[in-house]
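Within every chain, numbering begins at 1; the chains are lettered A, B, ... in the order of the sequence lines, protein sequences first and strands thereafter.
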There are 2 protein chains.
Amino acid sequence: MSRQSKPSKIEDIARMADVSIMSVSRAIRGVEGVSEKKRAEILKIARKMKYMPNSAARSLAVANSNLIGISLPTFAADVFAEILNGMRQTFDTAGYSSVIDTTEYDSEAELNWVRRLLSWQPAAIILTGTDHHPETRDLLKASPIPVLEIWDHTDDPIDICVGIDHFQAGQMIGEHAVSLGYQRPAFVSTPRGHDKRADARLEGIRRVFSQQRAAPVIAARPPLGNAFVTGFEGTKTLLANHAPDLICYLNDHMAFGGLMCCQAEGLSVPDDIGVIGFNGLDLATVLPIKLTTVRTLRRLMGITGARNLLARINGVPTELSKILPLELQPGQTTRPQTDNDLMKKGFFRSSQSLGR
Amino acid sequence: MSRQSKPSKIEDIARMADVSIMSVSRAIRGVEGVSEKKRAEILKIARKMKYMPNSAARSLAVANSNLIGISLPTFAADVFAEILNGMRQTFDTAGYSSVIDTTEYDSEAELNWVRRLLSWQPAAIILTGTDHHPETRDLLKASPIPVLEIWDHTDDPIDICVGIDHFQAGQMIGEHAVSLGYQRPAFVSTPRGHDKRADARLEGIRRVFSQQRAAPVIAARPPLGNAFVTGFEGTKTLLANHAPDLICYLNDHMAFGGLMCCQAEGLSVPDDIGVIGFNGLDLATVLPIKLTTVRTLRRLMGITGARNLLARINGVPTELSKILPLELQPGQTTRPQTDNDLMKKGFFRSSQSLGR
DNA sequence: CTGTTAGCGCCTTCAT
DNA sequence: ATGAAGGCGCTAACAG
């Protein structure tokens, strides 16, 4: 096939339309400074000549671009896919393109990617979490580029952030578990230090159990892998070495793997053991029993983050730090909260009235 | 915070190092033409001055970039995430950045994205499937940019392709089902025309059943949504209106939703009804019974595609069209193939000996 | 090995 | 409303 000899540039169009280069530039960008008549004609000719702008040239001239960099830990988790979806839609309609990176939870990799991305003078950069390589922070702090940190929350963001409070999420789970009377909780997570948010949630649970029950929380840390599988395997080793009456999971996928393991081990949920997930994924809606979990507003998070970031790009003031609410969703994988109901009604008091 | 006054450029470094701009350019790019002594010194100064290259300027000068565009239907499917992972790793280490798009199965959206992307003179473009807007094809055919079509297969790719034969996959499922003696098959899919690959697989199943059993295949097409949920819902309406003895699913996630539905409806799998998935996802490994499915090599597909594409970018000859193998994995969600085993041993013959 | 020259395609600025 | 001149930062191509 005849591969296009040479793409046309605005100069070619200017020559064809018998106008100056500037008129073409203005016409194409849609800025004022050309009569409507001229503009229409120029655009017609541009279309006929299959004109395609050169973003590099434009970017060089204006010292920025319509690229937005997005760094995620991984694609292998619906959670980030959903956040991403919410953002991409917003950016896409605003004319931005997404340069995406997956760090696999490696801050060095993130740093290298940020470096490469900055060379494109992107319109903005989005990072997952608030835990980055110090040089990444320095680099971004020193640049005029808007930065959004998403999913986690901090009082000291690089620029702006939208997320949830993972420690509080852990506390929420802990409070609920305590209110249901659980005594020997466990948490199936990822390798230590791998995911700061996971660690924060575990700390939240621990805080509550240590304060209100003086009980430890056993942490199981299966090796990395598919979430369903790590949930399954983590539970298996956990049950082999301990006798928890409740297992909390890093997320719903792992909780599902855990449920399958309990079933395989002949344990009945919630009679023999309780299970709590995290995120409130759609997966849970098809299960025969409703999963106790914490609902996170992932899509909203993506949309909110994108909106705030766009505002910042356009110089409009916006909230620098936004925390999204969490909602504990009691299900059938934990024991019913009869006692708790009674307590609420004031029949008797328990340790619950102590905490927080 | 003091936001960097003005990023340094190679000219600044040249001045500092007391050499010409070109020496700096060569030193930084790592090309020959500078003495090692000079290079070392230049790099040291560059680091000290926190030099950061300007990709737009480079791109403008050399008329290409190290951006690679990747278009996927959606993130909401592990399948594409896995393919993407395989690719990204390869590209990343080769120094490319990924500009990613999700079309949500809309060819117009894909076209618009391709247009925007082309303005960056990317090193390559990757599209999912072989079914595109005609203008997308024209645009890409006319450009000198390498194009990879992935996941599906065609004899007439835009440029090169790596994928599987979805029609053959359907036939594989059909053959297996026929060999197990199923008579009233159904297929739970997506809305008609939404996903060409889904349609191709259905056709493959239909071909086999019509040839070897003169039996139709009922197609259920639940509205779009979460795969687990659509699998569940599609099965529900299917069972309300028909009495299939086998349900094939678009993918393992939907098959899982279907299994949950069967359970909810009081049907025993595989005694009352058979279930076949697609892809061989890790999810299946944690289920109490092994899912009958077709294994696809998604990660390999990503890696192979990336490798071939890199070769093409570098002008090295590579295979233009690669089909990856499929493997039917018999599981416990379809009835055991005793009869079939007997047939293999030659005890008696059946319609099986007719086809193919 | 080193430096000079002349763009790459577009946009800002300043004339008219 | 229109156009001319100059530059964005970098790199081929050529000259020493």
Side-chain angles (χ1 to χ4, degrees), chain A residues 4-43 45-46 49-67 116 118-123 143-144, chain B residues 4-43 45-46 49-67 116 118-123 143-144:
Chain A
Q4 205 163 317
S5 52
K6 235 183 184 180
S8 50
K9 41 189 180 178
I10 58 176
E11 191 188 331
D12 302 327
I13 297 170
R15 205 177 307 119
M16 280 294 287
D18 197 37
V19 295
S20 75
I21 290 181
M22 274 317 297
S23 292
V24 178
S25 173
R26 289 194 258 258
I28 285 173
R29 274 180 298 159
V31 302
E32 55 183 11
V34 231
S35 63
E36 280 314 314
K37 183 162 170 287
K38 218 168 216 175
R39 164 165 311 185
E41 175 155 344
I42 290 174
L43 289 181
I45 293 181
M49 297 183 70
K50 298 190 177 174
Y51 170 73
M52 167 145 314
N54 182 323
S55 290
R58 162 163 240 285
S59 184
L60 179 60
V62 303
N64 68 43
S65 75
N66 65 342
L67 297 176
R116 251 195 309 194
L118 283 176
S119 75
W120 285 107
Q121 309 198 118
S143 96
Chain B
Q4 206 163 319
S5 53
K6 232 185 187 180
S8 49
K9 41 188 180 177
I10 59 175
E11 192 187 330
D12 303 326
I13 297 170
R15 205 177 307 117
M16 279 295 286
D18 196 38
V19 295
S20 76
I21 289 180
M22 273 317 293
S23 292
V24 177
S25 173
R26 289 194 257 256
I28 285 172
R29 275 181 295 158
V31 302
E32 55 182 11
V34 227
S35 64
E36 280 314 313
K37 185 163 168 285
K38 217 166 216 173
R39 163 164 305 169
E41 175 155 342
I42 290 174
L43 290 180
I45 294 181
M49 298 183 70
K50 297 190 179 174
Y51 170 73
M52 169 144 313
N54 182 321
S55 290
R58 161 163 239 285
S59 184
L60 179 59
V62 303
N64 68 43
S65 74
N66 65 341
L67 298 176
R116 251 195 308 197
L118 282 175
S119 76
W120 285 105
Q121 310 198 118
S143 96

Item checked: DNA chain C: 5'-proximal contact among A:Ser25 and B:Val19 (nearest heavy atom) -> B:Val19

Note to self: Tell me the interatomic distance from B:Asn64, atom CG, to D:dT11, atom C1', rounded to whole angstroms.
What the structure shows: 12 Å

Item checked: 5'-to-3' dot-bracket of DNA chain C (Watson-Crick, G-U; under 3.5 angstrom; crossing pairs as [ ]; | other strand) -> ||||||||||||||||

Notebook entry, point to check: Salt-bridged, A:Glu41 to A:Lys38, with N to O below 4.0 Å?
Noted result: no

Notebook entry, point to check: Which nucleotide in the list C:dG3, D:dC10, D:dA1 gets nearest to the side chain of B:Lys38?
Noted result: C:dG3

Checklist line | Closest nucleotide among C:dG9, D:dG3, D:dT2 to the A:Ala61 side chain | finding: C:dG9

Next item on the list: For A:Ala27 and A:Val34, work out which heavy atoms get closest and say how close.
Entry: N-CG2, 3.9 Å

Notebook entry, point to check: Picking from D:dG9, C:dG3, C:dC10, which would you name as closest to the side chain of B:Ser20?
Noted result: C:dG3

Next item on the list: Report the nucleotide, chosen from C:dC11, D:dC8, C:dG3, that has the shortest atom-to-atom distance to any side-chain atom of B:Ser23.
Entry: C:dG3

Notebook entry, point to check: Atom CD1 of B:Ile10 and atom C1' of C:dT2: how far apart are they, to the nearest Å?
Noted result: 14 Å

Item checked: Length of the line joining B:Glu11:CD and C:dT5:P, which is rounded to integer Å -> 14 Å

Notebook entry, point to check: For the pair made of CD1 in B:Ile13 and P in C:dG3, what is the distance, rounded to whole Å?
Noted result: 15 Å

Item checked: Which atom of A:Arg29 lies closest to which atom of A:Arg58, heavy atoms considered -> CD-NH2, 3.5 Å

Check: Mapping B:Asp18 and A:Ser55 to their closest nucleotides on DNA chain C, which lands nearer the 5' end?
Finding: B:Asp18

Item checked: B:Val62, nearest nucleotide to its side chain (from D:dT2, D:dT11, C:dT2) -> D:dT11

Notebook entry, point to check: Between A:Met22 and B:Met22, which has a closest nucleotide on DNA chain D that is more 5'?
Noted result: A:Met22

Next item on the list: Classify the nucleic acid contact of A:Arg26 as base, sugar-phosphate or nothing, counting any heavy atom under 4.0 Å across all strands shown.
Entry: base

Notebook entry, point to check: Could you give the CG-to-C1' distance, from A:Leu60 to C:dT12, as a whole number of Å?
Noted result: 13 Å

Item checked: d(CG, B:Asn54; P, D:dC10) in whole Å -> 6 Å

Notebook entry, point to check: How long is the gap from CD on B:Gln121 to CG on B:Leu67, to the nearest 0.5 Å?
Noted result: 10.5 Å

Next item on the list: Assign A:Ile21 to base, sugar-phosphate, or nothing according to its heavy-atom contacts below 4.0 angstrom with the strands shown.
Entry: nothing

Check: How close or far is atom P of C:dC8 from atom CG of A:Asp12, stated in whole angstroms?
Finding: 11 Å

Check: Less than 4.0 Å between a side-chain N and a carboxylate O, is that true for B:Arg15 and B:Asp12?
Finding: yes

Margin query: Could you tell me if the side chain of B:Met49 sits less than 4.5 Å from the side chain of B:Ile13, heavy atoms only?
Written below: yes

Check: What is the distance from CD of B:Glu32 to C1' of D:dA12, rounded to the nearest Å?
Finding: 15 Å

Next item on the list: May I ask you to decide if B:Trp120's main-chain N or O and B:Ser65's side chain share a donor-acceptor pair within less than 3.5 Å?
Entry: yes

Check: Do A:Ile28 and A:Pro53 have side-chain heavy atoms sitting under 4.5 Å apart?
Finding: no

